[in-house]
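Each chain gets a letter, A, B and so on, in the order its sequence line appears, and its residues count up from 1.
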Protein chains: 2
Amino acid sequence: MPQDTSTHRRIVLAARPHGLPTTQDFRLDHAPLPSPGEGEVLLRTLYLSLDPYMRNLMDEAGTEYAPGLELGQPMMGGTVSRVVSSRHAGFQPGELVLGSAGWQDYAVAAGDTLTTLGDLAQPSLALGGLGMTGFTAYVGLLDIGQPQPGETVVVAAATGAVGAVVGQIARLKGARVVGIAGGPDKCRHAVEELGFDACLDHRAPDLAGRLAAACPDGIDVYFENVGGAVLDAVLPSLNHHARVPVCGLVAHYNDDAPPPGPDRRPQLMAAVLQKRIRMQGFVILDHYADRFAAFREDMQAWLDAGRIILREDRVEGLENAPAAFIGLLQGRNLGKLVVRVAAD
Amino acid sequence: MPQDTSTHRRIVLAARPHGLPTTQDFRLDHAPLPSPGEGEVLLRTLYLSLDPYMRNLMDEAGTEYAPGLELGQPMMGGTVSRVVSSRHAGFQPGELVLGSAGWQDYAVAAGDTLTTLGDLAQPSLALGGLGMTGFTAYVGLLDIGQPQPGETVVVAAATGAVGAVVGQIARLKGARVVGIAGGPDKCRHAVEELGFDACLDHRAPDLAGRLAAACPDGIDVYFENVGGAVLDAVLPSLNHHARVPVCGLVAHYNDDAPPPGPDRRPQLMAAVLQKRIRMQGFVILDHYADRFAAFREDMQAWLDAGRIILREDRVEGLENAPAAFIGLLQGRNLGKLVVRVAAD
């Protein structure tokens with residue numbers, strides 16, 4: 001895509017969405033090309049990661065790990081970038097780095113916020129299965145879910161970037177794995193390509209009944225990505241001493257206000273009590289120091305042995321990021337969603 | 001109380017309550033005195049424990065650990081009893097035993113369901129601080145809550161049988177302890193007698209604001225006995241990585257149906273996720289084999305050293321058990337509620 005050399009493209013927050021965002025909530029603008037200060041580098045974005053947590057950036061309140069943006073600010077996001085110029089001794093022009101350059105063609109970043117990627121065969125995997133989403137699956141499943149051989153693991157958003165890896169790792173650990181996904185094509189993919197034991201379409205009727213039938217020994221680990229109606233269906237089948245890693249709640253990110261009643265909180269608390277459930281939230285940023293090295297080693301070994309498949313859903317062009325992100329919130333992607341911002 | 005020797009008194013479930021039970025839901029009847037078979041003993045009830053979980057016995061559904069009774073069945077409950085006659089080699093007439101003889105003057109029990117109590121100075125403590133409720137506080141706080149020195153522990157139902165022990169153990173472990181209780185007298189008791197750092201009356205306005213003020217460093221452990229509005233007030237002050245042992249939900253035991261909206265479950269799940277909260281239900285029956293010996297040793301040492309006070313709320317006479325139990329569900333007791341069924 002031809003561009004002049006003094007400005008670059010950014011996608012900024014144009015309006016705060018109510019419910020599901022629309023493309024009108026984003027604006028593509030042009031900004032002067034930034035120049036790096038001392039200790040900084042100029043980056044050319046190659047791949048941009050799109051992830052559900054970004055919905056929180058669009059609300060004024062935001063969350064601690066996805067703080068609300070000001071209107072007019074570029075959307076944040078993880079990126080694989082090429083170093084264009086460097087005023088940091090640790091980085092040379094041409095190097096490939098992992099950072100958080102956001103939804104834009106170029107960015108300036110402090111060198112110490114970047115990780116050198118070296119010579120990766122498929123650099124975009126650093127945003128997915130070899131990066132944040134794969135790491136999220138690994139920590140949530142193994143450290144919190146702790147599946148044992150022969151146990152049953154249920155994962156919602158089963159063909160998403162996190163869910164697909166959760167299910168495959170759970171299988172490697174000897175668990176029976178039942179996915180929940182939107183539509184028959186995704187469910188077929190989960191079983192035939194990813195090796196899940198079963199996968200249920202949450203759009204078809206009576207998810208609770210079908211889930212109970214698919215989990216004759218009950219559910220020992222429920223990896224929570226979703227909330228809402230899927231959680232309703234899971235609760236009755238949870239076993240005593242079940243573990244529920246809470247990783248995301250994509251069904252609720254578009255809620256403007258608490259949903260109408262009845263109030264399901266007492267019922268959830270009663271299940272936690274009577275079934276001795278351990279429910280634990282986690283935010284992957286907390287775990288890099290302790291667990292990232294172990295994850296990378298394990299995941300690389302599983303990939304090299306062909307024991308895990310990492311599927312990428314790739315969109316071409318920064319200008320298509322808003323529509324792709326909206327589709328992600330609607331569950332339209334299959335695997336990790338990345339935008340190829342520039343040919344390398 | 002004079003009785004003939006061929007029948008004895010029992011309190012049976014007369015009707016299923018809707019909401020808070022009334023005395024009409026119970027009936028005092030007379031039944032033939034049972035006689036022990038091989039391996040059984042005849043027990044005279046001395047003390048009957050009254051506990052919130054018993055509300056679940058009155059519903060048809062019940063819970064796994066408090067199964068719904070049939071109408072006309074005697075209410076179940078933990079007891080300290082004297083052995084009257086024995087057809088089990090391990091028990092001699094006159095011995096004091098801990099069992100589950102229920103709301104009645106006499107009962108027959110299999111010997112292997114009984115624990116010999118030996119020569120206790122205050123036998124009723126075996127139902128409270130040295131028994132189930134003290135053990136519940138110990139396991140929930142130490143094994144699940146895991147308070148660290150300098151952390152803040154909040155306990156609801158702070159002057160109840162469990163809450164009073166939770167707070168005192170937390171203080172012994174170096175935590176700052178804030179109780180929540182119903183009314184100024186209870187709060188004064190928690191601070192002046194039990195040594196809590198603060199105690200808030202949940203009946204006064206703006207519990208959330210007062211709790212935030214009383215916990216300037218936030219809440220690290222919330223020991224959940226209650227649910228409902230108290231949980232609403234606690235959630236905003238929970239710290240990252242807070243632990244929430246879920247021991248009871250007395251605010252909801254009288255619910256006939258899920259409360260009206262809004263639906264608070266998504267908000268709870270979002271707090272669990274964003275604050276990396278670990279919430280874990282437990283049922284004390286699971287823990288006797290592993291942890292009861294350690295508890296008894298620690299608790300006896302704390303009692304002997306005067307470091308823990310066990311307050312008992314004692315009601316005289318089996319016939320007064322229903323009213324006392326209804327009062328318990330309304331929070332009228334101070335300390336462990338026991339009924340003295342017979343003078344020893």
Side-chain angles (χ1 to χ4, degrees), chain A residues 53 56 61-66 139-140 143-144 224-232 235 238 240-255 257-287, chain B residues 53 56 61-66 139-140 144 224-232 235 238 240-287:
Chain A
Y53 79 84
N56 296 309
T63 66
E64 168 212 321
Y65 50 92
V139 167
D143 294 1
I144 301 177
E224 175 63 294
N225 280 320
V226 174
V230 174
L231 179 56
D232 286 332
L235 278 180
L238 286 177
H240 282 195
H241 306 288
R243 288 80 67 194
V244 180
V246 181
C247 170
L249 295 163
V250 71
H252 300 291
Y253 292 163
N254 292 319
D255 289 350
D263 182 4
R264 290 174 167 82
R265 195 179 74 186
Q267 176 204 42
L268 173 67
M269 295 294 289
V272 166
L273 171 56
Q274 292 172 18
K275 295 183 174 184
R276 302 83 153 151
I277 291 167
R278 189 177 74 227
M279 177 173 282
Q280 185 169 347
F282 72 106
V283 172
I284 198 59
L285 303 175
D286 299 345
H287 300 277
Chain B
Y53 79 83
N56 297 310
T63 65
E64 169 212 322
Y65 50 93
V139 167
I144 301 177
E224 175 63 295
N225 280 318
V226 174
V230 173
L231 179 55
D232 286 332
L235 278 179
L238 285 178
H240 283 193
H241 306 288
R243 286 81 66 196
V244 180
V246 181
C247 170
L249 295 164
V250 70
H252 300 292
Y253 292 164
N254 291 319
D255 289 350
D256 269 341
D263 182 3
R264 291 172 166 83
R265 195 180 72 186
Q267 175 205 42
L268 173 68
M269 295 294 289
V272 167
L273 171 56
Q274 292 172 18
K275 295 184 173 185
R276 301 81 155 155
I277 291 168
R278 188 177 75 227
M279 177 173 282
Q280 186 170 346
F282 71 106
V283 172
I284 198 59
L285 303 175
D286 299 345
H287 301 275

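- Contacts between B:A271 and chain A at a heavy-atom distance below 4.5 Å are absent for every atom of the residue.
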Should A:D286 and B:H240 be marked as a side-chain contact (heavy atoms from CB on, under 4.5 Å) after you check the CA-CA gap, both sets of side-chain angles, and the distance that decides it?
CA-CA 11 Å; A:D286 299 345; B:H240 283 193; over 6 Å; no
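- For the residue pair A:D232 and B:R265, the shortest heavy atom distance occurs at OD1-NH1, 2.7 Å.
- Heavy-atom distances place no part of A:N56 under 4.5 Å from chain B, backbone and side chain included.
- With a threshold of 4.5 angstrom between heavy atoms, B:Q267 approaches chain A through side-chain atoms but not through N, CA, C or O.
- The candidate from A:L268, A:L231, A:T63, A:I144 with the greatest count of non-hydrogen atom pairs under 4.5 Å with chain B is A:L231.
- Only the backbone of A:I277 comes within less than 4.5 Å of a heavy atom in chain B; its side chain stays farther off.
- Although no hydrogens or angles enter the test, the distance criterion places no donor-acceptor pair under 3.5 Å between the side chain of B:R264 and the main chain of A:G261.
- Between chain B and the options A:V246, A:V283, A:V272, A:L273, the largest number of non-hydrogen pairs under 4.5 Å is found for A:L273.
- Interface residue A:P260: only backbone heavy atoms are found under 4.5 Å from chain B.
- Interface remark: of the candidates A:P258, A:A66, A:P266, A:P266 forms the most heavy-atom pairs closer than 4.5 Å to chain B.
- When each of A:M279, A:R243, A:R276, A:K275 is checked for heavy-atom pairs under 4.5 Å with chain B, A:R276 comes out on top.
- Contacts between A:E64 and chain B at a heavy-atom distance below 4.5 Å involve the side chain alone, from C-beta outward.
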